[in-house]
Number of protein chains: 2
Amino acid sequence: MSAIARRRERERAQRHQLIITAARELAEAEGWEAVTTRRLAEHVEYSQPVLYSHFNGKDAILRAVAIEGFGELAARLRRARLAAPEPSEAPSGAPSGALHAVCRAYLDFATERPALYQAMFVLPTDVKFAHAETPPPLRAAFDEFVSCFRSDNPRRELFAEVTWSALHGIAALADSGRIPPNGQTERLDFIVTQIAGTSSGPATR
Amino acid sequence: MSAIARRRERERAQRHQLIITAARELAEAEGWEAVTTRRLAEHVEYSQPVLYSHFNGKDAILRAVAIEGFGELAARLRRARLAAPEPSEAPSGAPSGALHAVCRAYLDFATERPALYQAMFVLPTDVKFAHAETPPPLRAAFDEFVSCFRSDNPRRELFAEVTWSALHGIAALADSGRIPPNGQTERLDFIVTQIAGTSSGPATR
DNA sequence: TATGAAAACTAGCGGCGCTAGAAAAGGCGG
DNA sequence: CCGCCTTTTCTAGCGCCGCTAGTTTTCATA
């Protein structure tokens, strides 16, 4: 490949990222309903059709933003888990510090980047979850939850799934104004206590 | 008021309801993105501007559908709770049959009427939750969850809020394809067990 | 410097939410 | 029974949307 072609490819990749970033910033500033192809094109200072040479359509741009978000979320959860006071293999029955830290990190992420969170978990998407084609960052984020439970727990995947779902519930309802945003810490503590609390042992029910 | 005016008002109210029902049916059949004012007008066999003589805009129609949904959800939860084997004032610490029944009814509702559920809990809305102007049916639905916990539990509102949120989490993620739809029963059992399980007593933590 | 492929643009299609102004409907006094 | 006049309903159109066909511009190469 010639040097010229290399430069062009480099510039193209930069512009690709520029579009994703612009979409994300526009959404974070004014909400996703304000992200139109026209406004986005103006933001990146190119004409509308250029967007379509990078992405199949608006949905594909949204999808790219979401996947970028999964990467950031996974990194954030991982950092929180590793910084937690105790190792993830805590004695059964005791509330895990790692679990609490990861859950709080998740909620902080949802609160600080509501539009990004929406792209990832609320807006319609064709991103495959829990599937062979699941983007690795998404899988990685999920695994951070799994790692908060003892590896000899046969139901740790279920634990992780429900923990995630419960957090998503309070994050989504709070973001859309359906529950007051103030009680989040209380709700977080409650969820962690209940899930890590009892019956984390092998034979529940 | 003259008989003629009365008849007109009656017919108007019927058409009002017709619009709400048509919107709901169209959404349930093809999803909310297919509910446009043009298609809706065609469905009710009137021209577009007639919609605007009944509602301030598309958002108001959506809102009306959601509120209708709250009423149905409240009725359904209530029926489930009253039909549950044990009364809501079960001995502390034991899993409440009422709680389980109400939670299952909630999930069934979300599964059977996904579009209605979306209007109520996912799509952007200006309906006031946990507020003075909260529509009574919505408040009633929430109270069904509250009633599943002992009245001497000072944190029963928190219990209800988090239970609802957790259910919403699994309902929303399952509906949007973000968690497999098959595990819902397992997740439901897990949530109910964990929430009703321990520490339902007075001094938790 | 002329050429031809690649890149970027202008312009436009059909559909959206919404509304102004024309047309039709229908109860009312003569 | 008729002509009036309010109320109701419709036609037509505005600015915006996602998206694309076809033209113009750019620019490395011969």
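Keep in mind that this is a model prediction, so the values were computed, not measured. Each chain gets a letter, A, B and so on, in the order its sequence line appears, and its residues count up from 1.
A salt bridge is absent between A:Arg15 and A:Glu9; no separation between the charged side-chain nitrogens and carboxylate oxygens falls under 4.0 Å. Between A:Glu144 and A:Arg76, none of the side-chain N atoms (NZ, or NE/NH1/NH2) sits under 4.0 Å from a carboxylate O, so this pair counts as no salt bridge. A salt bridge links B:Arg187 with A:Glu161: the distance from a Lys NZ or Arg NE/NH1/NH2 to an Asp or Glu carboxylate oxygen falls below 4.0 Å.
Taking only side-chain atoms of B:Tyr46, from C-beta outward, the nucleotide of D:dG18, D:dT9, C:dA8 with the closest atom is D:dT9. Distances from the side chain of B:Gln48 to the nucleotides C:dA7, D:dG13, C:dG27 place D:dG13 closest. Residue A:Val50 places its side chain closer to C:dC9 than to any other of C:dC9, C:dG27, D:dG18. Distance from the side chain of B:Thr37 is smallest for C:dG17 among the nucleotides C:dA6, C:dG17, D:dT9. Listed candidates were C:dT10, D:dT11, D:dC17. Nearest to the side chain of B:Pro49 is D:dT11.
Using modelled atom types, one finds no donor on one side chain facing an acceptor on the other under 3.5 Å when comparing A:His54 with A:Tyr46. Under 3.5 Å, the side chains of A:Arg38 and A:Thr36 contain no donor-acceptor pair of N or O atoms.
In this entry the distance linking CZ of B:Arg39 with P of C:dC16 reads 8 Å, nearest Å. Atom CZ of B:Arg7 is separated from atom C1' of C:dG27 by 10 Å (rounded to the nearest Å). Computed from coordinates, the A:Leu40 CG to D:dC16 P distance equals 17 Å when rounded to whole Å. Taking atom NZ on B:Lys58 and atom C1' on D:dC16, their separation rounds to 14 Å, with Å as the unit. As rounded to whole Å, 12 Å separates atom P of C:dT10 from atom CD of A:Glu42. Between the CD atom of A:Glu33 and the C1' atom of D:dG18 there is a distance of 16 Å, given to the nearest Å. Per the geometry, CZ belonging to A:Phe55 stands 15 Å off P belonging to D:dG18, to the nearest Å. Between B:Trp32 atom CH2 and C:dG17 atom C1' the separation is 16 Å, expressed in whole Å.
For the OP1/OP2 pair of C:dC16 and a distance below 4.0 Å, the side-chain nitrogens and oxygens of B:Arg38 include at least one atom meeting the criterion. Taking only side-chain nitrogens and oxygens, B:Ser47 never comes nearer than 4.0 Å to OP1 or OP2 of D:dT9.
Nucleic acid contact class of A:Arg12 (heavy atoms, under 4.0 Å, all strands): none.
Toward the 5′ end of DNA chain C lies the nearest nucleotide of A:Arg15, the other residue of the pair B:Ala34 and A:Arg15 mapping further downstream.
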